[in-house]
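Note sheet for the following structure.
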Amino acid sequence: MGKEELEVLRHSTAHVMAQAVKELYPRVKLAIGPPTEDGFYYDFDFDGYFSEEDLPRIEEKMREIVARDIPFVRQEVSKEEARKIFQERGEIYKLEILDDIPDEKVTLYWQGDFVDLCRGPHLESTGKVKAFKLLSVSGAYWRGDERNKMLQRIYGTAFFTEEELKRYLERLQEAKRRDHRRLGKELELFSTHEEVGAGLIIWHHKGVILRWILEEFERREHLKRGYQFVIGPQILKAELWKQSGHYDFYREHMYFTEVEGQQYALKPMNCLAHILVYKSRHRSYRELPLRLFELGRVHRHERSGVLHGLLRVREFTQDDAHIFCRPDQLEEEIRGVLHFVQEAMELFGFSYEAELSTKPEKAIGSEESWQKAIDALRRVLEDEGIPYRVNEGEGAFYGPKIDIKLEDALGRKWQCATIQCDFSLPERFDLTYIAPDGSRQRPVMVHRVILGALERFIGILIEHYGGAFPLWLAPEQVRVMSITDRHIPYGEEVLGRIEARGIRVKGDFRNEKLGYKIRQAQLEKVPYMVIVGDREMREGTVAVRSREKGDLGSMPLDSFIEEIWPQCQIPSLEGGDRT
RNA sequence: GCCGGCGUAGCUCAGCGGUAGAGCGGCUGAUUCGUAAUCAGCAGGGCGUGGGUUCAAAUCCCACCGCCGGCUCCA
């Protein structure tokens, strides 16, 4: 079944839901009700509240409307006529929408005496609506603007068959199983605590190992690409943030502290220290591009309602770098960063979406420099054949940017990599370099992250792999287990030899049945289990079990080690050697 | 920040005005058993926090904290 047909079905189902709600709660006013990627929603203005307990009742009414098999009737009318109809019905939101439609003619869709302003198309009749389910209720601002009234939104989904609906609901269940918040606890990667504060993560041993590996991967890749490593302080004087503009534009996200009458801010970004490194002496055009990298821990006071596991926190670590370059180097630098991102995403097996954000209303820098930067970003995206969406006017006030978004288990998109051009900070801090002719010139600054925030990236990684990390990322790569106590000495020897090769290995020599130990290792998602019993002891071998493939039989310990060893290593991307 | 929901043992949850329950996990014994759960016993809870209503509150009301789903905002 085509995507468009599914959209029509869902859109029609939204209308049926709206009619049901209208019949049950005649006082509600209709706002909007479009199909979405996974279903549909409808926004209502209501002087009460919907709760999830109301949904079965609404579904029942919907089924009744489906059973009535009312035809969807399309009617083309003038805007004036439409206005009259919605005025009579007190549908103030529809009137507002009408005001924004430039055309003289609009279309209405009728089902019995229910009417909605709608471009359509729709199904023939309500009887054609098939498998549907209402999923949740929530608040949503009218027109997505938080200054407007909050409306009541009901989400639902619809399919052509009950089987498809069932499959979708099962997928939601599966997503729950992959949820990084659940797996993070089960796999003992991290925890959060009410008494610590919202959005603050405590990393446990296994989570720290995972971070170390990623951090080491980052260091090697950045070193290869000609980045210099710097480390800035966690707090910097408020004065400096005033100079950068953060105090004016970003204050509500910042934490402040006062020491001996001097105000400091906990850094929400890493750029200032990097700028000061640049400024620490005169810079020649010869040393540009200067690429400064830091695994920088930042604090941002995010609004309480937006926090989400590891994916949106208040303290996080960015694989952050600032590239100071000549304007003529900008494109090449962007290209290098984008390659870097592409290779990294490929390594982890992520598919991603790219977005290009252009000049907003309120912006600094000349029209010309903006255009140049946007062209450079666009050219690189196109040369690389990366499909992208353009977000007109969504750029930062200091420059345009490319954002790379990854999906979590539920298909929600999260920004990870970003490449931002900046004309503002070089100006505010009067950054210069000496050009070949001896003149002072202004460098361009590129802010960029590859994985983004390590916390967020790990959250996405957990869901991506369902907690079953590939060998190189697995906090525990191998677990040795004994069958009975008499196999422990041999088990210890095997353990020692694996460990000596730098493989992360643990032993389970408890007096438990093998099946029990295996079950536990499987649940902990350890990639390889090495089992030693009488046979292995006698033959000097090990029995290997793979997390995915099960029992692989016996083999000499050395061949097992040699086979997995390469995959246990942190991989190296192809790029590098200067870009 | 806004809207709705939720917060009971380490975890998953039941109890929803009359003196706290289950499974898993933990501990202690027994068992030495070859590819996803051996058996038995024991311990463990200011029912998120603080107010209030009531003869009586895990249960009803209010505030705060935290979590969940959205909206807005963002790495």
Applying a 4.0 Å non-hydrogen cut-off, can you work out what [X] is touching in the nucleic acid: base, sugar-phosphate, or nothing?
X	result
A/E512	base
A/Y41	nothing
A/D403	nothing
A/G533	base
A/E315	nothing
A/Y516	sugar-phosphate
A/A543	base
A/V298	nothing
A/V306	base
A/A453	base
A/H308	sugar-phosphate
A/G515	sugar-phosphate
A/Q415	sugar-phosphate
A/R486	sugar-phosphate

| request: Cation-pi check, A/R251 to A/Y247: give yes when NZ or CZ is under 6.0 Å from the six-membered ring centre and within 45° of the ring axis, no otherwise. | output: yes

[N] to [M] separation - [atom1] atoms, rounded to the nearest Å:
N	M	atom1	value
B/A14	B/U8	P	10 Å
B/C47	B/A58	C1'	4 Å
B/G21	B/U38	P	29 Å
B/U49	B/C11	C1'	22 Å
B/G51	B/C16	P	27 Å
B/C67	B/U53	C1'	28 Å
B/G4	B/A75	C1'	28 Å
B/U59	B/G48	P	8 Å

| request: Could you tell me which residues satisfy side-chain hydrogen bond (donor to acceptor under 3.5 Å, both in side chains) with A/E512, sequence neighbours excluded, listed by chain and number? | output: none

| Mind checking what makes side-chain hydrogen bond (donor to acceptor under 3.5 Å, both in side chains) contact with A/Y141, not counting sequence neighbours? | none

Strictly by Watson-Crick or wobble contacts shorter than 3.5 Å, is anything paired with [N], and which nucleotide is it?
N	value
B/U19	none
B/U54	none
B/U32	none
B/G69	B/C3
B/A37	none
B/G26	B/C42
B/A63	B/U49

| task | Check the pair A/E355 / A/K405 against salt bridge (charged side-chain N to carboxylate O under 4.0 Å, His left out), numbers first and verdict last. | result | CA-CA 8 Å; A/E355 294 176 9; A/K405 298 193 169 179; 3.5 Å; yes

| query | What distance do A/L454 atom CG and A/R297 atom CZ have between them, rounded to the nearest 0.5 Å? | reply | 10.0 Å

| said: I want to confirm an ordering. Mapping A/D145 and A/A417 to their closest nucleotides on RNA chain B, which one lands closer to the 5' end? | reply: A/D145

| request: Take A/D179 and A/R535, find for each the nucleotide of RNA chain B with the closest heavy atom, and name the residue whose nucleotide sits nearer the 5' end. | output: A/R535

| Which pairs pass salt bridge (Lys or Arg N to Asp or Glu O under 4.0 Å) with one or both residues in residues 301-310 of chain A, sequence neighbours excluded? | A/E146-A/R303, A/E302-A/R312

| request: Write out all pairs satisfying salt bridge (Lys or Arg N to Asp or Glu O under 4.0 Å) with one or both partners inside residues 184-197 of chain A, taking only residues at least two apart or from two chains. | output: A/R182-A/E186

| note | Contacts of A/S357 meeting side chain to side chain contact (heavy atoms under 4.5 Å, CB included) (sequence neighbours excluded), chain-then-number -> A/N391, A/E394, A/K401, A/D403

| Parallel, tilted or perpendicular for A/W414 and A/H308, by the 30°/60° rule? | tilted

| field | Segment of RNA chain B, first to last nucleotide, that comes within the 4.0 Å heavy-atom reach of chain A | value | B/G1 to B/A75

| query | Is it true that a side-chain atom of A/R300 and a backbone atom of A/H253 form a donor plus acceptor pair closer than 3.5 Å? | reply | no

| Syn or anti: how is B/G21 classified when any glycosidic angle within 90° of 0 counts as syn? | anti

